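Quantities reported herein were computed from a predicted structural model and do not represent experimental measurements. In the text below, chain A, chain B and the rest are named by the order of the sequence lines, each starting its count at 1.
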There are 2 protein chains.
Amino acid sequence: MQFYRKEVYKKGAYLIKPEQSIEDFYFMKKGCVTYYTIEDGVTRVMEFFTEGSFFTDLYPYIEEIPSESYLEVTEDSTVYTISKTDALKVFDYSHSLERFGRLSMQKAFINNFQRINRMKNLSNQERYLQLLEKRPSLFQRVPQYLIASYLGLTPVGLSKIRKRLSQQ
Amino acid sequence: MQFYRKEVYKKGAYLIKPEQSIEDFYFMKKGCVTYYTIEDGVTRVMEFFTEGSFFTDLYPYIEEIPSESYLEVTEDSTVYTISKTDALKVFDYSHSLERFGRLSMQKAFINNFQRINRMKNLSNQERYLQLLEKRPSLFQRVPQYLIASYLGLTPVGLSKIRKRLSQQ
DNA sequence: CGTATTTATTAAACCAGTTTAATTAGAATC
DNA sequence: GATTCTAATTAAACTGGTTTAATAAATACG
């Protein structure tokens, strides 16, 4: 029983756009997807999903309401996709996969929680350095202004931080 | 089979302190527990757990490493406690409770995720107002400097925001 | 009670970001 | 290779916070 499907996307494609309902859960095999919203013309990057990430636009997925976000392929990508109905079937069928689901969710929760604390406790400069250390490849994969947004900065602000660092 | 126990704590007690290993998961029936760390003498509030919260110091709980945080009872509280071994037994025994566990984790994840975005997209003033609206009772229950810390501000900063608002 | 202690506010100097706008650098396209 | 378009940097004025320190208000307690 093959309950997921393999899909290949070109850079520039969208897995999800605003107004859409969310039917699928994704696993990133290879590539990069940027998860963002646009409010009042301002792009706000929430996450970059790269190799090994499970993801979707979770809140609309669960609540069965339309998305307000984009999942844009920012680098040619291979993803494994499972529909919501198939995911539920799998969980009904298998206690151990339900457990896997629980543990995955737990892991995602912890990641997020630690990220909150990182954000709260570190300066912007420190958070930039930490990102540079933990996910250096991002800086080759996505433009700097998206990284600035992800860090909660303006492009100008990030540029200033980089300058300050290069002068030391 | 009663797998949880009811416990009553007085204000000032600790469920968890640094160095301890985390054996239990908690459900807050009534009261308030403040979850914080102290680094370099600086208290950083991560969360206030009030009625209806499931909580523990999750990362050390899962990784089985010592905690670095405090769970301090900031208001007389009644909690239901379940040990890690009992929780695992329950999940082994019951697929539907495992599902409940997964869904609870999912809910916690979404809450957190939305909080991240709130933090990123809103000004400090807006986040203060939002907290005031969503959890007004907190301001009666915990001192303002802890709320400042929770919002990522200094007590002075929060006081200025309050003044600014009162002058409009 | 009155005194001691903790919490909240205020003031002043400072700083790391913002906004706006101009400039430079880099990529894509003809 | 020149042109065009997008991304990144720089500059200048500004803003919302910080830090430190003093003061005022609230709370605890002998």
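Phosphate contact (OP1/OP2 of D:dG17, side-chain N/O of B:Gln125, threshold under 4.0 Å): absent. Between B:Thr154 and the phosphate of D:dT18, there is a side-chain N or O to OP1/OP2 separation shorter than 4.0 Å. One finds a side-chain N or O of A:Arg162 lying less than 4.0 angstrom from the OP1 or OP2 phosphate oxygen of D:dT9.
Set against C:dG17, C:dT10, D:dG17, the side chain of B:Arg164 has D:dG17 as its closest nucleotide. Candidate nucleotides D:dT10, C:dT7, D:dT20 were compared by shortest atom distance to the side chain of B:Pro143, and C:dT7 ranks first. Considering only the side chain of A:Leu153, C:dT18 comes nearest among D:dG17, C:dT18, D:dT19. For A:Gln144, the side-chain atoms get nearest to D:dT9 when compared with the rest of D:dT10, D:dT9, C:dG17. Listed nucleotides: C:dT7, C:dT10, D:dG17. Nearest to the side chain of B:Val156: C:dT10.
Taking atom CD of residue A:Gln167 and atom C1' of nucleotide C:dA16, one finds them 15 Å apart after rounding to whole Å. Summarising the geometry, the separation between CG on A:Leu158 and C1' on D:dA7 is reported as 12 Å, rounded to the nearest angstrom. Per the geometry, NZ belonging to A:Lys163 stands 15 Å off P belonging to C:dG17, to the nearest Å. One interatomic measurement links the two molecules: OH of B:Tyr128 to P of D:dG16, which rounds to 17 Å at whole-angstrom precision. Atom pair B:Arg127:CZ and D:dG16:C1' shows a separation of 13 Å (rounding to whole Å applied). As a whole-Å value, the separation of A:Leu151 CG from C:dT18 P is 11 Å. Taking atom OH of residue B:Tyr145 and atom C1' of nucleotide C:dT5, one finds them 12 Å apart after rounding to whole Å. Atom pair B:Gln140:CD and D:dA26:P shows a separation of 15 Å (rounding to whole Å applied).
Residue-level contact check: B:Lys160 touches the bases, meaning some heavy atom is under 4.0 Å from a base atom.
The aromatic rings of A:Phe54 and A:Phe100 stand perpendicular to each other, their planes meeting at an angle above 60°, with 30° marking the opposite boundary. Ring planes of A:Tyr80 and A:Phe27: parallel class, angle under 30° (limits at 30 and 60°).
Under the 4.0 Å criterion applied to side-chain N and carboxylate O atoms, B:Lys120 and A:Glu47 are not assigned as salt-bridge partners.
Side chain of A:Arg102 to backbone of B:Met105: no donor-acceptor contact under 3.5 angstrom is found. With hydrogens and angles disregarded, no donor-acceptor distance shorter than 3.5 Å links the side chain of A:Thr78 to the backbone of A:Val8.
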